[in-house]
Every structure is written in C-alpha cells, then in structure tokens.
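Below: one structure, written as structure tokens.
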Protein chains: 2
Amino acid sequence: MLTTERKSLLLARLAQTGRLVARDLAAELALSEDTIRRDLRELAAEGHLLRVHGGALPLSPTHRPMAQRQGMQVQAKAQLAQKGAALIRPGQIVILDGGTTHLALVAALPKDLPCTIITHAPGIAAALEPFPKIEVILIGGRLMRHSMVAMGAETTASFARIRADLCFLGVTGVHPETGLTTGDAEEAALKRIMLGQAAEGVVLATEDKLGTSSPWGIAGLNTVRVVTTGDRPVWLGA
Amino acid sequence: MLTTERKSLLLARLAQTGRLVARDLAAELALSEDTIRRDLRELAAEGHLLRVHGGALPLSPTHRPMAQRQGMQVQAKAQLAQKGAALIRPGQIVILDGGTTHLALVAALPKDLPCTIITHAPGIAAALEPFPKIEVILIGGRLMRHSMVAMGAETTASFARIRADLCFLGVTGVHPETGLTTGDAEEAALKRIMLGQAAEGVVLATEDKLGTSSPWGIAGLNTVRVVTTGDRPVWLGA
DNA sequence: CGTCTGTTTGCACGATATTGCACGAATCAG
DNA sequence: CTGATTCGTGCAATATCGTGCAAACAGACG
C-alpha cells in the first residue's frame, strides 16, 4: 500500500468512525504501530486531525460530538436561526444541511409554515416532526459520525435528482479570498452539489467562522447570501 | 476507548444530563472509579466542570430541562429492548424499523458493538451517534409524519438493493391467524420488503399487541421470531 | 550496470502516559 | 457520634510515545 494512499484511508476512516486507534489500525493494515504513529503525527502536523494518546480524533469544535456542540454560542445561533427562518417563504422547497445552527433554525420556524424541506441529517428530520404542514424528504446514505449527515454515492445521486428554491449550507470557514470552506473533501463535494441544486444559497455564519478558512473549498462568497449575527447581512467581499 | 475521547464523552454526558456520578460512569464504561475521578479532576482543573463529592456538575447552573418523556410501558419496552439487543452479533448487518421500542433497543446496545445498522427512521439514526463502531446506513424517502419513517418509491428502491442478516420489524398486531399486521397499506408493503431482504426477522412485541390484528397483513408468524416480555419466547401459532 | 540519494519501514530503547490498587484522610448520612 | 462512602496520593504494571538507527527499496545519474 502506498503511503499517501494509506493516509487518505486513515482520514476517511476517521471521518466515518470518529476516532482512530493506532494499535487496531496497525493490526488491520498489517503494519507496525510505528508506521501508523508516523502517519498520524504527520497528518496532525498538516492539520487534518487531532493527535491524542492511543490514536487520533477529529479536529476542532465543529467535529466534536453533537451533545457537546449544542451548548456553544446558544444565543448567537438562535439569532441566526431567526434570520434564516425568515428567509423561507410559504410553498418553497428548501435544502437544509446538518449542524446545530440549522437545528436551531428548525426550532425557529413558524408552526404552520407550509413548505418542503429536504435534508440528509437525521437529527434535522427528526426535529421537523411537530410541523404539520412541512413535507420532509429524507436523503439517505452512509452516516458520517462526526457530522451526523448521510454521505456517499447514494446521497449524491439523490441530491442530483432534486431542484430546490433555497439551500441552507453549513460551513466551517468564511473567508474573502478562499470563500466557503469545510474540513473534509467529500463533504465539500457534496455541499457543492447541494448548493448547485438550489436557486439560492444561504450560509448562516457565527462570528467565529468569519475570516477563517478550512482545507477544502466549496464555492465563492458571491454564490450565496452570508447571514451573520451583525445587524445587517455582511458581504465579506465588499 | 481513548482517554481524550472519554473526557469528551463525560463533558457531552454532563451537558445532556446535567450531572455526572463517578460510580455509575465507572460501571458503565467498565473502568475503575479512580480513572473516572482522575478525569473529573482534570476536567475541573481545565475549567470544564464543577467537581463535587460523588461526581461533577455543570459550571454554569444555566438550565437542565431534563424533559424525560414518560412513554407507555417503559419497563416492558426496556426489557424487550434488552432481549432484542442480545440477538445482534458482532459484524452483522441489521435492518432496524422505526418506533419507540426500537429506540429503546438502541439504548440497550453495547457501547462498542461492531455492526452495520440500516434504518429509514431519522430518530433511530440520530440515536446511534454515540456508538463508535456501528456503521449507520440511512435510507431516504418522503417522511411520514405519524410514524416518522421514510417511505415511498425511493425508500422501497433503496431497501431492495440491500441484504441484511437481521431485520427488526415494528408491527401493531400479532395474531395466530392473520399473522403480523399494521395499520397502513403502504407501510405494510414496505415492511414486507424489509423483511424479505433479511435472513432472519424479529418482532419485539409488547403484551398488548399479542392476539390483536390490524387491517393490513405483512407476513405470517412463522417467518419471524416473535420476542415478548414473557420469560421465554412465545410462538403464538403453537 | 554500479553508485548514490532519498524514502519508507521496522526495531530498540529510554521517556512519558495511563490505569488499577492500597491506604489514610476527608466527607456524607443517619 | 458512627459507619459507609468518596477522595487524594503514592506506587507499580502496562501501554504508548518519540527518537535514533539500520535495512530494504526505488529512482537518478554517470
């Protein structure tokens, strides 16, 4: 197995399972633990994962378990959620990405809003139960653990068959030059497709994302409307 | 389990339940209380929680709603869930239908069971987040509000592409003559397909379902294993 | 073809981290 | 006050880490 190939495998595995254990990987790949540790060290140096004793974990706050993320920036997210919810007009077809901000958006929706919501995040779908007039389309696929959204070929194909009016996209970085970015290549590709299926894209960005950049690009800032907690929408490019 | 991962788990658990008890955590994670206490001490030193005698509490006494829903037949379902969870062997591919009983089954699964779970219920999928070694395949489709599972052509097609070892099916009636039944025709058809894709079918039936019958038939009793709250499995046909 | 160079891998070894246990001190409940 | 529980510390066993080094290997170059 090629070294680069192995590193990719490690990252993919991390995205899928949410953790890597050096000893298990060495046994599975029939390599010494030293080699695995070297890989993990280098991947950590490149900023692709968090090295911990015994293996590695996904990086940074956006990759932490849901329960832990939910407590962060509650009021900022609630405020963003309000603004986001106000963008949805009756009858529209809306693609809703995963993430705690969008979970807050669901909570902020009017109870009798009639529309169609398409999502690949089971948590979002489950939260839509109390809305009698919202039709929910669940997109299937293999569930990524750290982000709790479906991904893979099946997911991509399902989204490709859809046309929507609005697409709420979750990102980890919003930067004037690199545009919208996220921490995983596959994730970035899927988000790009989701965005392409909708007439209009919206990103609800908490302040900590503004001016930051993640490894994988999704699209330029001019392709979406960026909503922040500031008093008026901020177009970073302007 | 990685040390860092365990600490994250503790924080997540604290955010979710509002308190941590050292003794219970040690039992649940199969570790000595010393290790848990050490974790709590370190997390407290890092300013992530408030160490108290016997466990830990959140730093900011903000809110802990603890909206523990009082479902019906909680202990009967928990008992059934235990029995059901025991049927899943490591490495198996399992189809899991929606419903509160199956939600209880998820809660009863061993924390490190390696297997694949296929479900069209977003609630079930979301509940599987804390299980690092379970691969979750989400089946998409149009979400039915009353049962909160995906249904329709897309769902049917997705299930048709799958082969599983085990299929846990939710039903509303278990009767010696009419067999397994449910209240919706489309639902019955989908359940029949799900059952057909698995080598073995299992129905976790609370007592109130036994001997009753709903309008739409799924399959005969002899095609599945019916597990009840009784001490030994009851085959109603016998 | 022979040599050199850079990369990759596995091994050795001392350093560090983690875990469980023992034991006395502190705390809690009645 | 008394018994039981929990706590903190020290210690030993084990696991993991990082570094240095040598062998194997592929490619560059003469």
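Proteins get letters first, then strands, A, B, ... in listed order; numbering begins at 1 in each.
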Check the interface with nucleotides 21-24 of chain C: list each N/O to N/O pair with the protein under 3.5 Å, or write none.
{"from": "C/dC21", "atom 1": "N4", "to": "B/Asp34", "atom 2": "OD2", "distance (Å)": "3.1"}
{"from": "C/dA22", "atom 1": "N6", "to": "B/Asp34", "atom 2": "OD2", "distance (Å)": "3.4"}

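A side-chain donor-acceptor contact under 3.5 Å links A/Arg145 to the backbone of B/Glu129. A distance-only check finds no donor-acceptor pair linking the side chain of A/Glu187 to the backbone of A/Asp184 [under 3.5 Å]. A donor-acceptor contact shorter than 3.5 Å links the side chain of A/Thr119 to the backbone of A/Leu96. A distance-only check finds a donor-acceptor pair linking the side chain of A/Thr181 to the backbone of A/Ser214 [under 3.5 Å].
Rounded to an integer number of Å, the gap from A/Leu29 CG to C/dT8 P is 16 Å. Nucleotide C/dC13 holds its P atom 18 Å from the CD atom of A/Glu33, rounded to whole Å. Whole-Å rounding puts the B/Arg41 CZ to C/dA26 C1' distance at 13 Å. Going from atom CD1 of A/Ile36 over to atom P of D/dG18 covers 14 Å, rounded to whole Å. Between the CD atom of B/Glu5 and the C1' atom of C/dT19 there is a distance of 17 Å, given to the nearest Å. B/Leu2 places its CG atom 14 Å from the C1' atom of D/dC17, with the value rounded to the nearest Å.
With distances taken from any side-chain atom of B/His53 to the nucleotides C/dT27, C/dT19, C/dG10, the minimum falls on C/dT27. Distances from the side chain of B/Arg6 to the nucleotides D/dT9, C/dT19, C/dG10 place C/dT19 closest. Checking C/dG20, D/dT19, C/dG10 against every side-chain atom of B/Thr35, the shortest atom distance belongs to C/dG20.
Within residues 19-27 of chain B, no residue places a heavy atom under 4.0 Å from DNA chain C.
Of the charged side-chain nitrogens involved, at least one lies within less than 4.0 Å of a carboxylate oxygen, so that B/Glu135 and A/Arg142 count as a salt-bridged pair.
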**Report entry** Evaluation steps, side-chain contact (heavy atoms from CB on, under 4.5 Å), between A/Arg23 and A/Arg37
**Finding:** CA-CA 9 Å; A/Arg23 185 164 36 89; A/Arg37 278 206 302 270; over 6 Å; no
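A donor-acceptor contact closer than 3.5 angstrom links the side chains of B/Thr100 and B/Lys77. With no hydrogens or angles considered, a side-chain donor-acceptor pair links B/Thr229 and B/Glu207 at under 3.5 Å.
Summary of helix geometry: the two end axes of the helix from C/dC1-D/dG30 to C/dG30-D/dC1, each defined by five base pairs via their C1' atoms, are inclined to each other by 40° (rounded to 10°).
Side chains of B/Cys115 and B/Ile134 form a contact here, defined as non-hydrogen atoms less than 4.5 Å apart.
Ring planes of A/His48 and A/Trp216: tilted class, angle from 30 to 60°.
A close approach under 4.0 Å does not occur between any side-chain nitrogen or oxygen of A/Arg51 and OP1 or OP2 of D/dT16.
Checking each of A/Leu105, A/Val149, A/Val106 against A/Ile124 for a side-chain contact (heavy atoms from CB on, under 4.5 Å) leaves exactly one that passes, namely A/Val106.
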